[in-house]
Amino acid sequence: MKYLVQLSIVMMFLIHGCVKPPEYSDGLLENIPAVINESDYFSLSILGDNYTDNKEWGLLFSTNPANLLLTTVIVKDVNIAASDSNFLYLINDLGDTVFNAIILNDFIFTSLDSLNVIGNPKKVIFDGKKFTGRLEYQMIINN
């Protein structure tokens, strides 16, 4: 009987001592963009399920006009209606749009651009209306 009481007490401590998994604030969870924003690298990942939001990220790039910008966009598993509008923009420090992607279906895009031509990248904007799919957007500055 003594061992049964001790076992019951230990079991109660074990059960009440357990904690639930952490609450994630970003990552590849549905409808929560994951962003890495460094002085030479920017990454945006979205796993969307009817994701509707207008998000803007100021870039932390430290650049000079001699730098090159490598850009990669991969969009997969897109399932949206023709009336849904999803856009990805890159805006330079003069306020000009230097990259504009209309997301209607799957695509892969890469480019290598001179900052002397396109200007200093300043912000990224994702404007989504019922976006369902996967979006991966990366930019790397060579220093």
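Just so we're clear, the structure is a prediction, and the values are computed from it rather than from any experiment.
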Mind checking what makes side-chain hydrogen bond (donor to acceptor under 3.5 Å, both in side chains) contact with D113, not counting sequence neighbours?
S111
Between the side chain of T132 and the main-chain N/O of N50, is any donor-acceptor distance below 3.5 Å?
yes
When every non-hydrogen atom of N105 is compared with those of V75, the smallest separation belongs to O-CG1, 3.9 Å
Decide whether F131 and V35 are clustered together by the hydrophobic rule: side chain heavy atoms of Ile, Leu, Val, Met, Phe, Trp, Tyr closer than 4.5 Å, transitively.
yes
Which residues satisfy the salt bridge (Lys or Arg N to Asp or Glu O under 4.0 Å) test with K130, sequence neighbours excluded?
none
Side chains of I141 and L69: does their closest heavy-atom pair fall under 4.5 Å?
yes
For D106 and K76, the nearest pair of non-hydrogen atoms, with its separation, is OD1-C, 3.4 Å
Let me confirm one number: the CG-CG distance from L115 to D93, rounded to the nearest 0.5 Å.
9.5 Å
Hey, any chance L135 and I91 share a hydrophobic cluster, counting ILVMFWY side chains that come within less than 4.5 Å of each other, even indirectly?
no
Spell out, yes or no, whether F109 and L104 are grouped together once hydrophobic residues are joined by side-chain heavy atoms under 4.5 Å, including indirect joins.
no
What do the steps show when you test N142 against L70 for side chain to side chain contact (heavy atoms under 4.5 Å, CB included), and what is the final call?
CA-CA 8 Å; N142 79 321; L70 174 63; over 6 Å; no
Rounded distance (nearest 0.5 Å) linking atom CG of N67 with atom OG of S62
8.0 Å
Same hydrophobic cluster for Y51 and V78, using side-chain heavy-atom links shorter than 4.5 Å among ILVMFWY?
yes
Please report the interatomic distance CG(D53) to CD1(I46), rounded to the nearest 0.5 Å.
8.5 Å
Check whether the ring centres of F126 and Y137 lie less than 6.0 Å apart, and answer yes or no.
no
Pairs of donor and acceptor atoms involving the side chains of residues 36-44, under 3.5 Å and at least two apart or interchain, shall be tabulated with distances.
residue : atom : partner : partner atom : Å
N37     : OD1  : L60     : N            : 3.3
N37     : ND2  : G58     : O            : 2.7
S43     : OG   : Q138    : NE2          : 3.4

Is any side-chain heavy atom of P121 closer than 4.5 Å to one of N92?
no
How close do L59 and V124 get, heavy atom to heavy atom, and via which atoms?
CD2-CG2, 3.9 Å
Of all the heavy-atom pairs spanning K129 and N86, show the shortest one and how long it is.
N-OD1, 2.8 Å
How about N120 and T63: does a side-chain donor come under 3.5 Å of a side-chain acceptor?
yes
L68 and S114: which non-hydrogen atoms are nearest, and at how many Å?
CD2-CA, 3.7 Å
Flag the pair V73 / F99 as yes when at least one side-chain heavy-atom distance between them is below 4.5 Å, and no otherwise.
yes
With hydrophobic residues grouped by side-chain heavy-atom distances under 4.5 Å, do I102 and L90 end up in a single group?
no
